[in-house]
Protein chains: 2
Amino acid sequence: MHSFSDLSAQFNQQFSAKQFPDTPANLYQATDYFLQIGGKRIRPVLCLLGNELFEPIKADAWSAATAIELFHNFTLIHDDIMDKAPLRRGMQTVHTRYGDNTALLAGDVMMIQAYHWLNKVNANYLPSLLQLFNRTATEVCEGQQLDMDFESRQEVQLDEYLHMIKLKTSVLLACALQMGALIGGAGQRNQELIYSFGLQLGLAFQVQDDYLDAFGDPQKFGKQTGGDILANKKTFLLIHALASVSPTEKQELQTLLASTAADKVERVLKIYKNSGVDQWALSLKQQLLDKALDNLEQIAVLSARKEPLRELAAYLIQREV
Amino acid sequence: MHSFSDLSAQFNQQFSAKQFPDTPANLYQATDYFLQIGGKRIRPVLCLLGNELFEPIKADAWSAATAIELFHNFTLIHDDIMDKAPLRRGMQTVHTRYGDNTALLAGDVMMIQAYHWLNKVNANYLPSLLQLFNRTATEVCEGQQLDMDFESRQEVQLDEYLHMIKLKTSVLLACALQMGALIGGAGQRNQELIYSFGLQLGLAFQVQDDYLDAFGDPQKFGKQTGGDILANKKTFLLIHALASVSPTEKQELQTLLASTAADKVERVLKIYKNSGVDQWALSLKQQLLDKALDNLEQIAVLSARKEPLRELAAYLIQREV
């Protein structure tokens, strides 16, 4: 049994091997650049941990993990184009450095490379794996479209936002875990449970992310808080606040959203606190985490085998609050 | 045995069934719009004909044909974004109608949908099929990158241009044929021969396309000639002319490339004709077609079974000149 950090280090070592050929140089310097920026490699490690829940980690799980990470990087490159984001992990985004066209193509070949790695797994479960992966990949694109749709809408309901986050973020975490389990020979019920664990964990993670952006300690969070508020970004906090505060506070909130007042962040946070939005978010996060862990507990393997996944959940969800 | 037009009609009927769900509407109205624009469906029919060369057409060949056509449409949507093309087949391109971001995502889900269809084929040859498809898909992206690279270069050698066209256009035709053959149980040698037939046919088709843009009958060609010349596009004709005309003509050609003179097309065509570039192109096309047909003849099946592919080659290459 391995810890998240063990597997993350091992994965990073394997993943740092060259993924692409040298030419056309203008295309592959863009893919290589983005891959060496790094990242937490959460998704591939979830695949490995999902596999190790059922058996010692198979070579096929490493291939699937690589596919998942390549797919994730494809989504980041294309999302950054769509969001016109200048930076990612503190580095220039691919389109900023190499232009939109090459970034678009770099994303495309990275997605194809994900399928190249998927195709290395045992043909016995290749069709099931592909089916899960294709469905998930489509959902991730749908989530990105909904996210863009929501930007131009005045109000978004909580259940719509949950659905969008589920598609954009959670399903890939869930898919990574299930792929590992599937390769590990898990039965249908166990696969569903680990998928559901990943889904709830992903939602809890996003609630936390939204919470930390407003109320986190900048020292621990690693970036200035209030960014979402300044950008009028729809978050769990804003959506719940608009739906639950008093008419007077709602009016004030809407006025603040339209303003560029110097004390905008401070005043929005005050409304959030007055109306208990902060406590609501912490409680929602806990509920989602409890649901996730409940699914994990129901998986029919020895409880001790679940320890790395419990630790990972704690690491992802409870740090730095 | 079926003709191209039979299979094209049958394919179009099957392919007109809904490929995508209804929501998110902003994403799937873009994919649906582009698919209903239509097209000649050459690639899927090549897959079906490649299959029928060896056996009556299997359901799996229809799935692979659908995958190929979806992949082709993905490349068109993304290429149009990169080329900032306003029109495709006389209709608005996806990004013109729905914006760059949605077009980017529409391309992405269309590529994933191609893999969804590939995954319907018999698991026995799914890995071989995926391997061929992944390699081809990567090459098509590489071809697009080279095409963009060449735009900003002063001179491009004929072998470089041939290589680019091979990747950007020919490999997908060749892959479509080989996928059909593979599903039809063709051996390795026959698969290589049909692949090579497609490769040469694709090159011949591009030579013809470049030729017709300069010397075609606008009535038959369906568009005004001289478009490539006005756009200073690198073509078989221009590349060969720059490499073969006299120093004086080369100087004149380069001056013309930099100019916007009203008689630019006329004067470039005069140089082409004076130096025999038109005849050279026709002869190159014939050589490539002969090579293609030679590969077809070598395939170890009854000659009569090859008739639809011979007819298709004649239809693609010899019409409207």
Side-chain angles (χ1 to χ4, degrees), chain A residues 20-21 23-28 30 71 74-75 78-79 81-84 99-102 104-131 133-149 152 164 167, chain B residues 20-21 23-28 30 71 74-75 78-79 81-84 99-102 104-131 133-149 152 164 167:
Chain A
F20 296 98
T23 56
N26 285 342
L27 178 58
Y28 291 127
F71 178 81
F74 141 75
T75 65
H78 279 192
D79 284 5
I81 298 175
M82 291 182 252
D83 300 344
K84 303 194 192 309
D100 281 10
N101 286 356
T102 291
L104 202 168
L105 270 181
D108 290 345
V109 290
M110 208 168 282
M111 198 217 283
I112 297 162
Q113 186 73 356
Y115 283 99
H116 167 77
W117 278 93
L118 268 190
N119 196 30
K120 290 178 189 273
V121 306
N122 191 307
N124 286 341
Y125 40 71
L126 177 60
S128 322
L129 219 54
L130 262 179
Q131 189 182 19
F133 186 83
N134 288 336
R135 188 191 75 206
T136 305
T138 300
E139 288 173 337
V140 171
C141 294
E142 293 175 354
Q144 171 67 6
Q145 180 67 49
L146 290 176
D147 196 15
M148 295 192 300
D149 288 350
S152 56
M164 182 276 283
L167 295 179
Chain B
F20 296 99
T23 56
N26 285 342
L27 177 59
Y28 292 126
F71 178 81
F74 141 76
T75 65
H78 279 193
D79 283 6
I81 298 175
M82 291 182 251
D83 300 343
K84 303 195 191 310
D100 281 11
N101 286 356
T102 291
L104 202 168
L105 270 180
D108 290 344
V109 290
M110 207 166 283
M111 198 218 282
I112 297 163
Q113 186 72 355
Y115 283 99
H116 167 77
W117 278 92
L118 269 191
N119 195 31
K120 290 178 189 273
V121 306
N122 191 307
N124 286 340
Y125 40 71
L126 177 60
S128 321
L129 219 54
L130 262 179
Q131 190 182 18
F133 186 83
N134 288 336
R135 189 192 73 207
T136 305
T138 300
E139 288 173 338
V140 172
C141 294
E142 292 175 354
Q144 171 66 6
Q145 179 68 48
L146 290 176
D147 197 14
M148 296 193 297
D149 289 350
S152 56
M164 182 276 282
L167 295 179

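Hydrogens, waters and symmetry mates are skipped; everything else that's a heavy atom, side chains included, is used. All values derive from a computational prediction rather than experimental measurement. In what follows, every chain begins at residue 1, and chains take the letters A, B, ... in the order their sequences are listed.
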Sequence neighbours left out, what passes side chain to side chain contact (heavy atoms under 4.5 Å, CB included) with B/Asp100? Give chain and number order.
B/Ile81, B/His95
So B/His78 and A/His78, would you call those rings parallel, tilted or perpendicular, with 30° and 60° as cut-offs?
perpendicular
Taking atom CD1 of A/Ile112 and atom OH of B/Tyr115, what is their separation to the nearest 0.5 Å?
5.5 Å
Run B/Leu130 and A/Leu126 through side-chain contact (heavy atoms from CB on, under 4.5 Å) and show every step you take.
CA-CA 11 Å; B/Leu130 262 179; A/Leu126 177 60; 4.0 Å; yes
Report the distance from atom CG of A/Leu129 to atom CG of B/Asn119, rounding to the nearest 0.5 Å.
9.5 Å
Please determine, among A/Gly99, A/Ala123, A/Pro127, the option with the most heavy-atom pairs under 4.5 Å with chain B.
A/Pro127
Region of B/Phe20 in contact with chain A, defined by heavy-atom distances below 4.5 Å:
neither
Side chain, backbone, both or neither: which part of B/Phe133 has an atom under 4.5 Å from a heavy atom of chain A?
neither
Rounding to 0.5 Å, atoms CD (A/Gln113) and SG (B/Cys141) come to a distance of 11.0 Å
I need the B/Asn26 CG to A/Glu142 CD distance, nearest 0.5 Å.
12.5 Å
After noting the C-alpha distance and the side-chain angles of B/Asp83 and A/Asn101, does the key distance pass the side-chain contact (heavy atoms from CB on, under 4.5 Å) rule?
CA-CA 9 Å; B/Asp83 300 343; A/Asn101 286 356; 5.9 Å; no
Looking at A/Leu104, A/Leu167, A/Thr138, A/Val140, which one has more heavy-atom pairs under 4.5 Å with chain B than the rest?
A/Leu104
So which of A/His116, A/Lys120, A/Arg135 has the largest heavy-atom pair count under 4.5 angstrom toward chain B?
A/His116
Positive for side chain to side chain contact (heavy atoms under 4.5 Å, CB included) with A/Gln145, one of B/Thr23, B/Val109, B/Leu105:
B/Leu105
Atom pair CG (A/Asp108) and CG (B/Asp108), whose distance is rounded to the nearest 0.5 Å
6.0 Å
